[in-house]
Structures are given as C-alpha cells and as structure tokens.
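Reading through the structure tokens given below for one structure.
Numbered from 1 within each chain, the chains take letters A, B, ... in sequence-line order.
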There are 2 protein chains.
Amino acid sequence: MTAERSTRDRLLDSFETLLVSDGSRAATLEAVAAHAGASKGGLLYHFHTKDELIGAMLDRLRDHAAADVERMRVAPEGPAAYYLNTSVDSGSDFDRALIATARIAQENVDAASETLDAVRADWLAVLFEHLNDRPLAQAIQLMGDGLYFNDTTGNQDPQALTSAHEILKRLGL
Amino acid sequence: MTAERSTRDRLLDSFETLLVSDGSRAATLEAVAAHAGASKGGLLYHFHTKDELIGAMLDRLRDHAAADVERMRVAPEGPAAYYLNTSVDSGSDFDRALIATARIAQENVDAASETLDAVRADWLAVLFEHLNDRPLAQAIQLMGDGLYFNDTTGNQDPQALTSAHEILKRLGL
DNA sequence: GTCTATATTCTGATAGAC
DNA sequence: GTCTATCAGAATATAGAC
C-alpha cells in the first residue's frame, strides 16, 4: 500500500538530483522531464516556468528543514553531533534538497539565498540554545558547511567527519 | 609604466568574475567577451573552445596556489590563522579563481575537481607540517571551507571568522 | 494530466574580412 | 588579433490534440 509518488513530486526529485549531480546547466527542463519519465509538456503543466519549479523546490525544502530542526532538538547524541553527522551527504531527501538549493543560490537567485539563510539561522539557533556559546556554535556550523562543501565539490575525505568529532571532544563536548 | 593587462588575461578575469557573481549559466562566451570588452570571435581566437577557456583558468589557479602556499608557510601569524583569514573572500585574484573553479567542479568537470583537490591537499600539508596534529589541521580546513562556502552562497556572517579564531585560541593556538 | 509539434531565443562554434 | 556574419543545436515556453 505504498502511496505512489506523484508525477509532480518525481519531477521535483529529478530536478534536485540533476542539480546535485551535474549542476545547474545540466538541469534543463527537458533533462528533468526525461529523468522523471515524463515529457517537457507534462512538466510545464505542473510548473508553468522554471522559476515556478525552483519555487516549489524551496517550499519543499522549508518543510524538510522544519522537521530536521525538531529532530536535531531532541537528538540523543546532542544537537552538535547530530548536526555534524547529518552534514555529510547521506543521500537523504533533505540533503539533496539542500545541496540543490545551494546550487541555485549560487546563481544569484534571491529566493534561494534567503531560504538557505533561514534554514541555517534555525540550525544555529538550536546549536546556540543547547551550547550557550556563540563562537562554539558558529565553529560547529562552519565545520558542517565545510563537510557539505566538500561532499559537493566532488572530493570527499572520509576522515574529515572523524576529525570534526575529535575536535568537538577537545572542546569539551 | 603599469603593464597593460592582455586581452587574454582580461578574458580569463571576466570568465572568473561572471562565474563567481552569477554562476555557470551566466558565464556564456558572449557574456564573458562583452564583460572583457571584446567580441565572441575575439575570445575564440584565444580559446578555441569553452573547455580550453576552463583549462586556461585552471592553469592560472595552479600558479596562484603555489605562490599562496609559500606565503602561508612563512606567514608571521602562523599558517592556521593565515589560512582562516584568507578563507573569507577578500576579492583577491586568487579567491576569485578558486571560487570560480569550485563552480566548474560542481558541474562534474574532472579537471576542475582534480585541481581543487590538489590545492586543498597542499594547504592541508602545510597545516599538518606546522601543527603535527591531523584532526586539528582538518578541522581548520573545514572551517575555512565553511567560510568560503558562505561567502559564496550570498550569505556572509561577519562574526563567523571571529568565532573561528576564538575556537583556535581555545584549542591552544 | 500528459503528450507532440512548433515558435523563439540563446549558445557554442566556424568562416572570412580587416 | 580582433571583428562581423552566420549556422546548427539546445533551451524555455506556447498551442492544441488526446
């Protein structure tokens, strides 16, 4: 009884997947439609313009993010460790949406930059609530950003996450 | 007696500038040529294909990087502080080349990923030589990556660099 | 809701004049 | 070395059939 994923959702999934794997130039309407097993016309029924496609992606990201912030708040390992662990791309829907949005933000699309900024502010707020130490909270977020950045650039160093955790320990966490 | 910047160099500068400010989609041959005050035909005399343009950018980046690694080695404030300080985009030619290359690397262009990877490996080697502490060296590099990533996504938090330095202090640096 | 066909504009690249 | 003119193919978007 698994609910079928709607065409609309599959189109958004495909848009994100192409953005993450091959960047913005590769995420054409035709490529997105083909990846989702649909036609360009079919895509344009759901999203009248490319901007609408981007907007729908940002809406989904905000939903994902709200849920993640809640998980982070109650994570047994603590928000800091939770944050670092989930900063290395696990292939989750949320990671994909986040990296895809970063790609769009880099093209100077204000709505994408603002959404990313809001998500990052929520994370930082939880880190700060928990740690009550602004420099520490920001340093943890920077390391998380670094982990993402590297996953995203085609170079992963599996040791990096381990090192980040080791440094947390040294800082009293 | 300032030497005039050659058309070839101005074209590479413009390519990098457009990549950094508006992303890969905006860095078309026509846009690059116009930004450099030249024509598409003029550009294609110097670089026969777009791949050649990218290759020339990577060559320049490697030259910049070799010089930067030397500066880092002898920096009076030490390699770690030098690295963090130069990880927030100062608008230098080197920063521009580095961020521009990250944009291309995200499009799954192997030559760009490999060049970035080599530059990062050189930095990490200097950090490790100086600190003799792998997790610490990697954590510093992660924070530097995080600073770059944020500069690059349209969101700068001026406090982030200060926090990173504060954490270095706490870690005994 | 989804498809095919088509219009329009953009992009990378060639040819050849100056 | 640099430009203009031009072409083939790709990208976004529209119209209308099913």
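- What you find for Leu12(B) and Ala56(B) is that their closest heavy atoms are CD2-CB, 3.9 Å.
- For Arg71(A), the side chain to side chain contact (heavy atoms under 4.5 Å, CB included) partners at least two apart in sequence or on another chain are Ala67(A), Asp68(A), Tyr82(A).
- Non-hydrogen atoms lying under 4.0 Å from DNA chain C are contributed by Ala38(A), Ser39(A), Gly41(A), Gly42(A), Tyr45(A), all within residues 36-45 of chain A.
- Applying the side chain to side chain donor-acceptor pair (under 3.5 Å) test to residues at least two apart or on different chains, the pairs with a partner in residues 39-51 of chain A are Glu30(A)-Lys40(A).
- At a non-hydrogen distance threshold of 4.0 Å, Arg25(B) from residues 16-35 of chain B come into contact with DNA chain D.
- In this structure, Ala139(A) and Ile167(B) approach most closely via the heavy-atom pair CB-CG1, 3.3 Å.
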Where does DNA chain D pair, written as one dot-bracket string 5' to 3', with Watson-Crick or G-U pairs under 3.5 Å, ( ) inside the strand, [ ] for crossing pairs and | for another strand?
||||||||||||||||||
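- Looking at residues two or more places apart in sequence or on another chain, you find a side chain to side chain contact (heavy atoms under 4.5 Å, CB included) between Asp95(A) and Asp89(A), Ser90(A), Ser92(A), Tyr148(A).
- For residues 101-121 of chain A, the set of pairs meeting the salt bridge (Lys or Arg N to Asp or Glu O under 4.0 Å) definition, not counting sequence neighbours, comprises Arg120(A)-Asp145(A).
- For Asp13(A) and Arg60(A), the salt-bridge test passes: some basic side-chain N is under 4.0 Å from an acidic carboxylate O.
- Partners of Tyr83(B) by ring pair (Phe, Tyr, Trp, His ring centres under 6.0 Å), not counting sequence neighbours, listed by chain and number: Trp123(B).
- At whole-Å resolution of the value, CG in Leu53(A) and P in dA11(D) are 15 Å apart.
- Between the Arg10(B) side chain and the Ala36(B) main chain, a donor and an acceptor come within less than 3.5 Å of each other.
- Residues satisfying the side chain to side chain contact (heavy atoms under 4.5 Å, CB included) criterion with Ala33(A), sequence neighbours excluded, are Leu43(A).
- The side chain to side chain donor-acceptor pair (under 3.5 Å) pairs that include a residue from residues 162-173 of chain A are Asn85(A)-His165(A), Ser163(A)-Gln138(B), Glu166(A)-Arg170(A), Arg170(A)-Asp133(B), where partners are two or more places apart or lie in different chains.
- Contacts between chain A and DNA chain C, taken as any atom within less than 4.0 angstrom of a protein heavy atom, begin and end at dG1(C) to dG12(C).
- Residues satisfying the side chain to side chain contact (heavy atoms under 4.5 Å, CB included) criterion with Val126(A), sequence neighbours excluded, are Val69(A), Met72(A), Arg73(A), Pro79(A).
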